[in-house]
**Q** 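Questions regarding the structure given below will be posed in turn.
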Amino acid sequence: MGWNFYNASGELQINDGGVQAASAVFTGNVDLGSNLLVGNAGSTGIAISANGEVTMAAQPATLHTMGTTVDNVSGDGTTYTVIFDTEEYDQNADSDGTTFTAPVTGRYIVNAQLVCVGITAVGANCQMIFDASNRDFYSVRHRWGVFHTAEAGGVGMSCDMDMDANDTVTVQLQAFAEGSDIIDVSGTSIEYTYVSIRLAV
Amino acid sequence: MILFPDGITITEVEQKCLLHITPEPEAWLNGVIAEKVSLRRNALIARWRPRLYADESVTELPADDEALCTLIMARDDYKTRLQQDAALNPPVVAPRHNIAKFEAVTRSGTTVTLFSSGVTIADRDSNCVLAYVQDLGDWIIGALMGQINRGKKKMIAQYEPIIRADPAVTTMPATEDGLINMIVARSDYTRG
């Protein structure tokens, strides 16, 4: 078994019996003078810049917002599954704006905020639900009148969740105590209504 | 348990998206289900082991995972996810939103049927998943639709710049389906 560390161009090349080694073990520190790029089936999986910034271009990470208001989705307890109409980014193509599908098993961070309008004086409260395959996460019921005007309010929630590969999660809204479904989910050019999901570990 | 006894019918375009990142869709989905079963079996055992240890009426535990799951599921205090949700006040009804979204799409024209004889899952396996998941069929459709969506987005992200840079292309389809058909018809197209 022979080891070659440099090819004819002076680049680091590790060979094992003529076949590129599947793994290499370094028993001490590895100090790179410039960038580290770890290939991932032809695209960069992990990149460490010369300044030490780490980026992962294919790491699951999405941000969707709402550009247009959706009218009359809840109010008397109806569960509305939110359709986020604007994709800001979706690094690994895991979301269609409504449903995020986990590409691998892991712990995912989910953040969402919904702004609701059309609330009347009788409207009492609302809650957000992360409807995930293995379990649902509920926000504390949020009383409109305490924190917001009689017309607009909102709810936000954030959590870590375990997702198995191909599990799904959606964001849902339930508003209560109105006589009918008169509550709108607000979409504007300002990002009040959004969901972001990323693989943590 | 046999789910979707008549198979799962998707459009030709959906199949193209799926094939872009999944060479053998049925084998992939079988593997995905097997992984889900394994993960949920392990999770079920991890959740229940402390309770079994603390239960003085339990004098011995089977060393085999499947036998241990059978013992857990036979207990009076065991409930499936669906039973847990039904016991809440108010009860949570299984939304089946993946199936609802799937069925909301009109699939006319050329279609492809996956699992024409249905998806067969052993009861002992499906029960492990149903400890956590409300509806196994809905979960399967969610997995399939997620993979179709992923294939579509990755295909378009990869080939749209190539098409735009191609001087031979003067116009592009205005629909995703049209764009996908155009991409797959190109001589330089290869699956991802």
Side-chain angles (χ1 to χ4, degrees), chain A residues 40-43 57-58 60-62 64 74 76-84 87 89-108 127 129-138 141 161-174 176 197 199, chain B residues 17 20-21 28-29 31-44 46-47 81 84-85 88 90 92-98 100-102 104 128-136 138-158 176 190 192:
Chain A
N40 178 12
S43 60
T62 73
H64 286 77
S74 189
D76 68 350
T78 297
T79 302
Y80 169 64
T81 300
V82 184
I83 302 167
F84 296 91
E87 179 178 301
Y89 57 80
D90 182 3
Q91 289 200 163
N92 192 48
D94 301 314
S95 173
D96 66 0
T98 302
T99 307
F100 175 89
T101 308
V104 295
T105 299
R107 275 62 165 149
Y108 290 79
Q127 66 185 13
I129 304 165
F130 292 159
D131 181 14
S133 295
N134 290 334
R135 56 183 60 84
D136 294 343
F137 296 80
Y138 286 76
R141 283 202 185 186
M161 68 173 67
D162 59 321
M163 296 184 79
D164 302 333
N166 299 290
D167 277 0
T168 57
V169 61
T170 60
V171 178
Q172 298 176 334
L173 173 74
Q174 282 182 317
F176 301 94
I197 304 174
L199 174 60
Chain B
C17 297
H20 184 65
I21 56 172
W28 168 80
L29 195 52
V32 158
I33 294 168
E35 182 183 2
K36 179 70 176 173
V37 168
S38 174
L39 289 165
R40 287 305 102 197
R41 179 184 291 122
N42 293 340
L44 182 69
R47 182 202 280 184
R81 167 79 183 279
Q84 292 173 48
D85 287 350
L88 295 173
V92 174
V93 179
R96 306 187 87 211
H97 50 73
N98 291 319
K101 197 161 74 170
F102 182 77
C128 291
V129 179
L130 292 173
Y132 290 86
V133 173
Q134 291 163 315
D135 187 305
L136 186 49
D138 192 69
W139 185 88
I140 289 170
I141 291 296
L144 180 64
M145 291 177 69
Q147 190 75 344
I148 291 171
N149 178 63
R150 189 173 290 123
K152 177 183 73 176
K153 294 178 81 169
K154 290 195 171 191
M155 185 196 298
I156 292 174
Q158 180 182 349
E176 282 186 341
T190 56

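Quick note on labels: first sequence line is chain A, next is B, and so on, each numbered from 1.
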**Q** Indicate the atoms forming the closest heavy-atom contact of W139(B) with A165(A), along with that distance.
**A** CZ2-O, 3.7 Å
**Q** What's the separation between atom CG in D136(A) and atom CG in D85(B), rounded to the nearest 0.5 Å?
**A**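 Result: 6.5 Å between the selected atoms.
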**Q** Could you tell me if the side chain of T105(A) sits less than 4.5 Å from the side chain of E35(B), heavy atoms only?
**A** yes
**Q** Count the heavy-atom pairs under 4.5 Å between each of K154(B), Q84(B), R81(B) and chain A, then report the option with the highest count.
**A**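 That would be R81(B).
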**Q** Indicate yes or no: does R150(B) engage D90(A) in a salt bridge with an N to O separation below 4.0 Å.
**A**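 No.
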**Q** If you count heavy-atom pairs under 4.5 Å with chain B, which of T101(A), D167(A), N134(A), T168(A) comes out on top?
**A** N134(A)
**Q** Working to the nearest 0.5 angstrom, can you tell me the gap between T81(A) OG1 and K101(B) NZ?
**A** 9.0 Å
**Q** How about CZ on R107(A), more than 12 heavy atoms from neighbouring residues, nucleotides or ligands closer than 6.0 Å, or not?
**A**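 Counting other residues, nucleotides and ligands, CZ of R107(A) stays at 12 neighbours or fewer.
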**Q** Are R40(B) and D164(A) side-chain neighbours, meaning at least one heavy-atom pair lies under 4.5 Å?
**A**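 With C-beta onward as the side chain, the pair touches.
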**Q** Will you find, in the side chains of K153(B) and N92(A), an N or O donor that is under 3.5 Å from an N or O acceptor?
**A**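 Distance-only check fails for K153(B) and N92(A).
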**Q** Considering only heavy atoms, which portion of N98(B) lies under 4.5 Å from any heavy atom of chain A: side chain, backbone, both, or neither?
**A**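 Side chain only.
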**Q** How long is the gap from CG on N166(A) to CG on L29(B), to the nearest 0.5 Å?
**A**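 Spacing of CG (N166(A)) from CG (L29(B)) equals 8.0 Å.
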**Q** Please classify the contact of D162(A) with chain B as side chain, backbone, both or neither, using a heavy-atom distance under 4.5 Å.
**A**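 When you check distances to chain B, only side chain atoms of D162(A) fall under 4.5 Å.
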**Q** Would you mind checking which part of V129(B) comes under 4.5 Å of any heavy atom in chain A, side chain (CB onward), backbone (N, CA, C, O), both or neither?
**A** neither
**Q** For chain B, which candidate among T98(A), T79(A), D131(A) shows the most heavy-atom pairs at distances under 4.5 Å?
**A**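 The candidate making the most pairs under 4.5 Å is D131(A).
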**Q** What residue, out of G151(B), A157(B), A143(B), has the most heavy-atom pairs lying under 4.5 Å from chain A?
**A** A143(B)
